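For reference, the structure discussed in these notes is given below.
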Amino acid sequence: MSQPTVLPRHGLSRRSFMAGTVSAAAAAPLLASAAQAEAPTASQSKLRQPVVTSLRINKQVYELSLDTRTSLLDALRDHAGLTGTKKGCDHGQCGACTVLVDGKRVLSCLSFAVMNEGKDITTIEGLASSDGKLHPMQQAFIDHDAFQCGYCTPGQILSAIGCVNEGHAGSEYDIREYMSGNICRCAAYPNIVAAVLQARDETKGA
Ligand code: FES
Ligand code: FES
C-alpha cells in the first residue's frame with residue numbers, strides 16, 4: 001500500500017519562505033554575472049581566432065596557426081613538436097621550460113609565442129651540430145653525471161649556456177646564484193656546477 005504524502009501543516013512556513021526568498025535574491029546577481037561572463041565580447045572572440053605566427057626555432061622557420069594566448073612553451077611542444085623543452089610548473093617557478101631567445105634565457109611558459117616573432121629561438125633540439133656532435137655544455141652534463149631523472153636537464157643546459165654568456169659563471173658561487181632559477185628535484189646541483197665549470201670556456205659565444 002502506498003504511503004500518504006505528508007504535507008506541512010501550513011504548506012509553507014515563514015522560515016522556509018524567508019530562506020527561499022533570500023537565497024533567490026542572493027543568487028540572482030550571481031546568475032546574471034555568470035551569464036555575462038559566458039557571453040564573449042567581440043574583442044574576446046577575435047582573440048580566440050587562430051593567427052598564423054612565424055617562429056624561427058633552431059634556425060628553421062615554423063608557420064604555426066595559434067590562438068594569440070598560446071605560450072611559447074605550448075607552441076614549441078604542442079604545435080612545433082619540439083618536446084625537449086619541459087613543462088614543470090607552467091608558472092615561472094621551476095626553470096624547466098628555459099629556452100634561449102636571441103641568446104638570452106627566457107622562461108617559455110611566461111612568454112606568449114606571438115611576442116617571439118622575428119627572434120631566434122634555441123631549444124635543446126638545436127644545440128648539437130648537424131653531424132651529431134654535442135654542444136660542450138651537453139657533453140659536460142654527461143661527463144659529470146649532472147642529472148638523474150633528466151626532467152630539468154634541457155632547461156638546466158640552456159640556462160647554463162645563458163649564464164656563461166652573461167658572464168655569470170666566474171665562480172662556483174656565481175654559478176649557483178645565477179642558476180638558482182632552475183630547480184632540480186633530484187638535487188644534482190654539485191654535478192651541474194661541475195659541468196658548467198668544465199664547459200665554461202668552450203661555451204662562451206658558442
Ligand atoms: S614550466 Fe616554466 S618555469 Fe616552470
Ligand atoms: S635531474 Fe631530475 S629534476 Fe633534475
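In this text, all values refer to a predicted model and were calculated from it rather than measured experimentally. Each ligand, and each atom within it, is numbered from 1 in the order the structure gives.
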Q) So do the side chains of Leu127 and Leu134 get within less than 4.5 Å of each other, counting heavy atoms only? A) no
(Q) With heavy-atom distances below 4.0 Å as the criterion, list the atoms of ligand 2 near Cys152. (A) 1 (S), 3 (S), 4 (Fe)
Q) Which ligand 1 atoms does Cys89 reach within 4.0 Å, using its non-hydrogen atoms? A) 1 (S), 3 (S), 4 (Fe)
Q) Going by the order shown, which atoms of ligand 2 are within less than 4.0 Å of some heavy atom of Gln148? A) 1 (S)
Q) How about Asn116 and Ser111: does a side-chain donor come under 3.5 Å of a side-chain acceptor? A) yes
Q: Would you please say whether a donor-acceptor pair under 3.5 Å links the side chains of Asn58 and Thr123?
A: yes
Q.
Could you tell me, atom by atom, which parts of ligand 1 come under 4.0 Å of a heavy atom of Gly92?
A. 3 (S)
Q.
Let me check your reading of the structure: within less than 2.8 Å of atom 2 (Fe) of ligand 1, is there an N/O/S atom from Cys94?
A. no
Q: First locate atom CG of Leu55, then atom OH of Tyr62, and finally report the distance between them rounded to the nearest 0.5 Å.
A: 10.0 Å
Q. Under 4.0 Å from any heavy atom of Cys97, which atoms of ligand 1 are there?
A. 1 (S), 2 (Fe), 3 (S)
Q: For side-chain hydrogen bond (donor to acceptor under 3.5 Å, both in side chains), just list the numbers for Arg105 and Ser159, CA-CA rounded to whole Å, side-chain angles, deciding distance to a tenth of an Å, and then say yes or no.
A: CA-CA 6 Å; Arg105 300 187 268 183; Ser159 190; 2.8 Å; yes
Q: Below 4.0 angstrom from a heavy atom of Cys184, which ligand 2 atoms are there? Numbered from 1 as shown, please.
A: 1 (S), 3 (S), 4 (Fe)
**Q.** Side chain to side chain, Ile192 and Phe141, heavy atoms closer than 4.5 Å
**A.** yes
Q. Any N/O/S atom of His91 sitting less than 2.8 Å from atom 2 (Fe) of ligand 1, backbone or side chain?
A. no
Q) Would a distance-only check, ignoring hydrogens and angles, find a side-chain to backbone donor-acceptor pair under 3.5 Å from Asn182 to Gly155? A) yes
Q: Pull out every atom of ligand 2 sitting under 4.0 Å from any heavy atom of Gly150, numbered as shown with elements.
A: 1 (S), 2 (Fe)
Q.
Does Tyr189, at its OH atom, have more than 12 non-hydrogen atoms belonging to other residues, nucleotides or ligands within less than 6.0 Å?
A. yes
**Q.** Shortest protein contact, atom 3 (S) of ligand 2 (heavy atom only)
**A.** Arg185 N, 3.2 Å
Q.
Distance under 4.0 Å to a non-hydrogen atom of Cys109: what atoms of ligand 1 satisfy this?
A. 1 (S), 2 (Fe), 3 (S)
Q.
Taking OH in Tyr178 as the centre, count heavy atoms belonging to other residues, nucleotides or ligands within less than 6.0 Å. Is the count above 12?
A. no
Q | Contact atoms of ligand 1, heavy-atom distance to Asp90 under 4.0 Å | A | 1 (S), 4 (Fe)
**Q.** Contact flag Cys186/atom 4 (Fe) of ligand 2, N/O/S atoms, threshold under 2.8 Å
**A.** no
